[in-house]
Number of protein chains: 2
Amino acid sequence: MGISERKERQRAELRERILKAAREMVVREGFGALSMRKLAEAIEYAPATLYLHFENRDEIARELSVRGFQQLLEYLAPAARVEEPMERLTAAARAYVRFGLEQPETYRLIFMEDPKLTTALFGEGKEDAGAKAFAFLVQPLEELKAAGRLAADADTRQLAEVFWAGVHGIVSLKLTCPGFQGTEADVLASTLVTTFFHGLPGMKEAQRPSG
Amino acid sequence: MGISERKERQRAELRERILKAAREMVVREGFGALSMRKLAEAIEYAPATLYLHFENRDEIARELSVRGFQQLLEYLAPAARVEEPMERLTAAARAYVRFGLEQPETYRLIFMEDPKLTTALFGEGKEDAGAKAFAFLVQPLEELKAAGRLAADADTRQLAEVFWAGVHGIVSLKLTCPGFQGTEADVLASTLVTTFFHGLPGMKEAQRPSG
DNA sequence: GTGTTCAGTGAACGCTGTTCACAAAGTGTC
DNA sequence: GACACTTTGTGAACAGCGTTCACTGAACAC
């Protein structure tokens, strides 16, 4: 039965063509500029045909978002090979920021558009890509703890959340108010890493909270 | 000439009615749900009338954004009265996060929607409200530096940017993927403040970078 | 009373996402 | 080869959107 397989293949090919065209539109002009009609025109089909392959515009967005997240993981992958935990965390932060700046519209789509898109990536994804990315942050902290370089009662997950908020903040501020932040993003990332590890420069140990 | 004054007043009143209705719609259903036609219906005028008072939808958004930012400044105001710089920074962070969570759609509009909106608030505003808010972060750091509690060569502006990125990251992640971050926002804010000041708990001074 | 100004409007233009009855082509069965 | 069925694709339509524009009607100045 090669026929049904061929049909399946053709179907998948068209689906890919749609997604490719959609991605190009999003990357070039942003998610807001992604219109079903323009998308249909780009692949030379009638608008209604799109609905044979996707439930609606949201499903296309979701798929683009999932793939964008995979791309983020690819950016992060080299950092995983860094041995020293603090350096690894630093490398991950740099990679994350680089992804955000090099793929701004993709980043917007994933992390700044619709909560439904972002939530879909965490907790319920088939392989839970979100958790996988989050582990990039938690694990180095766990290793630091195991090595006695981080307080034994430190909440690594919570610290990772704060760290993530930091890099996400850097990227999203750069994307949303590009003019304001005078400092370049990678410099900000470096400063974030340094303060996250060591606090403010020149801050005396005696100033630490008593508790 | 009371006539033209009355006309002027009526004009201003209608403008306010429009903005009030617009704000309600945004607060209730988000900026995306703000439609000129529904807005016109809400104030019981024809859609075209809106264009006698605003150039277009964007101008309404800009005005709402400016007012939302004023509201943020009001949230921050009490923190300004805290004397101790570190405590003041902490209070500012808490107030900022509280604003973001209590006025999520307003926060989205100001900081996560259109770059044009956000940029308009910084650098060119008549009173540069953006710079005013940013001073909330820079000044405490300057005071710390003056008191010798922060390295003399520390770039306070850059540190403030990183700090801001941190709180913005906490808020915007909470708004965009509410389910994921397990930790409550105010706890994250506390942790952010602590690490920003003192680094990771249990991190030995000897681990500081050599440079 | 006359001329002018101006807030307000209905209708239209060109978009948008989405649906649905319908056509056409390909496939399986007799 | 003829028929039925499934899949693929479509044109037209619906309801909504932001925005524009010729036009009305009332209030004003003289």
Side-chain angles (χ1 to χ4, degrees), chain A residues 1-26 28-65 105 109 113-114 116-117, chain B residues 1-26 28-65 105 109 113-114 116-117:
Chain A
M1 273 302 160
I3 288 176
S4 64
E5 285 166 13
R6 189 206 63 206
K7 280 184 137 185
E8 185 66 29
R9 199 172 57 239
Q10 284 176 340
R11 202 180 148 76
E13 271 170 18
L14 183 49
R15 193 186 151 93
E16 282 310 307
R17 280 224 296 145
I18 294 172
L19 284 171
K20 186 183 172 192
R23 196 184 108 85
E24 273 170 21
M25 291 175 67
V26 168
R28 208 178 327 114
E29 310 171 74
F31 177 63
L34 175 63
S35 118
M36 297 300 268
R37 290 178 138 94
K38 282 193 290 181
L39 181 52
E41 199 182 5
I43 60 164
E44 296 176 299
Y45 278 82
T49 303
L50 297 175
Y51 293 85
L52 297 176
H53 294 83
F54 296 92
E55 193 191 337
N56 49 29
R57 185 169 175 268
D58 277 1
E59 195 189 329
I60 296 180
R62 217 177 308 134
E63 187 61 38
L64 288 181
S65 167
E105 295 302 342
L109 179 64
E113 213 74 42
D114 192 339
K116 276 178 292 182
L117 288 182
Chain B
M1 272 301 162
I3 287 174
S4 64
E5 286 167 11
R6 190 207 62 207
K7 281 184 138 184
E8 185 65 30
R9 198 172 58 240
Q10 284 177 339
R11 200 181 149 77
E13 272 171 17
L14 183 50
R15 193 186 153 94
E16 281 310 306
R17 280 224 298 145
I18 293 172
L19 284 172
K20 187 182 171 192
R23 196 184 108 86
E24 273 169 21
M25 292 174 66
V26 168
R28 207 179 327 115
E29 311 171 75
F31 177 62
L34 174 63
S35 114
M36 297 299 269
R37 290 177 138 95
K38 283 193 289 181
L39 181 51
E41 198 181 6
I43 60 165
E44 296 176 299
Y45 278 82
T49 305
L50 297 174
Y51 293 86
L52 298 176
H53 298 266
F54 296 92
E55 193 191 336
N56 50 30
R57 187 170 174 266
D58 277 0
E59 194 190 330
I60 296 180
R62 218 178 306 135
E63 187 61 38
L64 288 181
S65 167
E105 295 302 342
L109 179 63
E113 212 75 41
D114 192 340
K116 277 179 292 183
L117 288 182

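Protein chains get the first letters and strands the later ones, always in sequence-line order, with residue 1 at the start of each.
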Side chains of [X] and [Y]: does their closest heavy-atom pair fall under 4.5 Å?
{"X": "A/R23", "Y": "A/V26", "value": "no"}
{"X": "B/L14", "Y": "B/Y45", "value": "yes"}
{"X": "A/L117", "Y": "A/L64", "value": "no"}

Original post:
OP1 or OP2 of D/dT8 less than 4.0 angstrom from a side-chain nitrogen or oxygen of A/R11, does that happen here?
Top reply: yes
**OP:** If a protein heavy atom is under 4.0 Å from the base, mark B; if only from the sugar-phosphate, S; if neither, -; do that for nucleotides 9-16 of chain D going 5' to 3'.
**Re:** BBB-B---
Original post:
Within the structure shown, what part of the strands sits under 4.0 Å from A/L50 by heavy-atom distance: base, sugar-phosphate, or nothing?
Top reply: nothing
**OP:** For A/I60, report the nucleic acid contact type (base, sugar-phosphate, nothing); a contact means any heavy atom under 4.0 Å.
**Re:**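 Counting heavy atoms under 4.0 Å across all strands, no contact is made by A/I60.
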Output the rounded distance in Å from [atom1] ([X]) to [atom2] ([N]).
{"X": "A/N56", "N": "C/dT19", "atom1": "CG", "atom2": "P", "result": "8 Å"}
{"X": "A/E55", "N": "C/dT19", "atom1": "CD", "atom2": "C1'", "result": "13 Å"}
{"X": "B/Y51", "N": "D/dG18", "atom1": "OH", "atom2": "C1'", "result": "4 Å"}
{"X": "B/Q10", "N": "C/dC6", "atom1": "CD", "atom2": "C1'", "result": "13 Å"}
{"X": "A/R17", "N": "D/dT8", "atom1": "CZ", "atom2": "P", "result": "15 Å"}
{"X": "A/E59", "N": "C/dT18", "atom1": "CD", "atom2": "P", "result": "11 Å"}
{"X": "A/F31", "N": "C/dT16", "atom1": "CZ", "atom2": "C1'", "result": "13 Å"}
{"X": "A/R9", "N": "D/dT7", "atom1": "CZ", "atom2": "P", "result": "18 Å"}

Original post:
Can you tell me if A/R57 uses its side chain to pair, donor with acceptor, with the backbone of A/M36 under 3.5 Å?
Top reply: no
Original post:
Which heavy atom of B/L39 sits nearest a heavy atom of B/A21, and at what distance?
Top reply: CD1-CB, 3.6 Å
Subject >> Spacing of A/R11 atom CZ and A/H53 atom NE2 [to the nearest 0.5 Å] >> reply: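 Spacing of CZ (A/R11) from NE2 (A/H53) equals 4.5 Å.
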Original post:
Looking at residues at least two apart in the chain, or sitting in another chain, which of them share a side-chain contact (heavy atoms from CB on, under 4.5 Å) with A/L52?
Top reply: A/T49
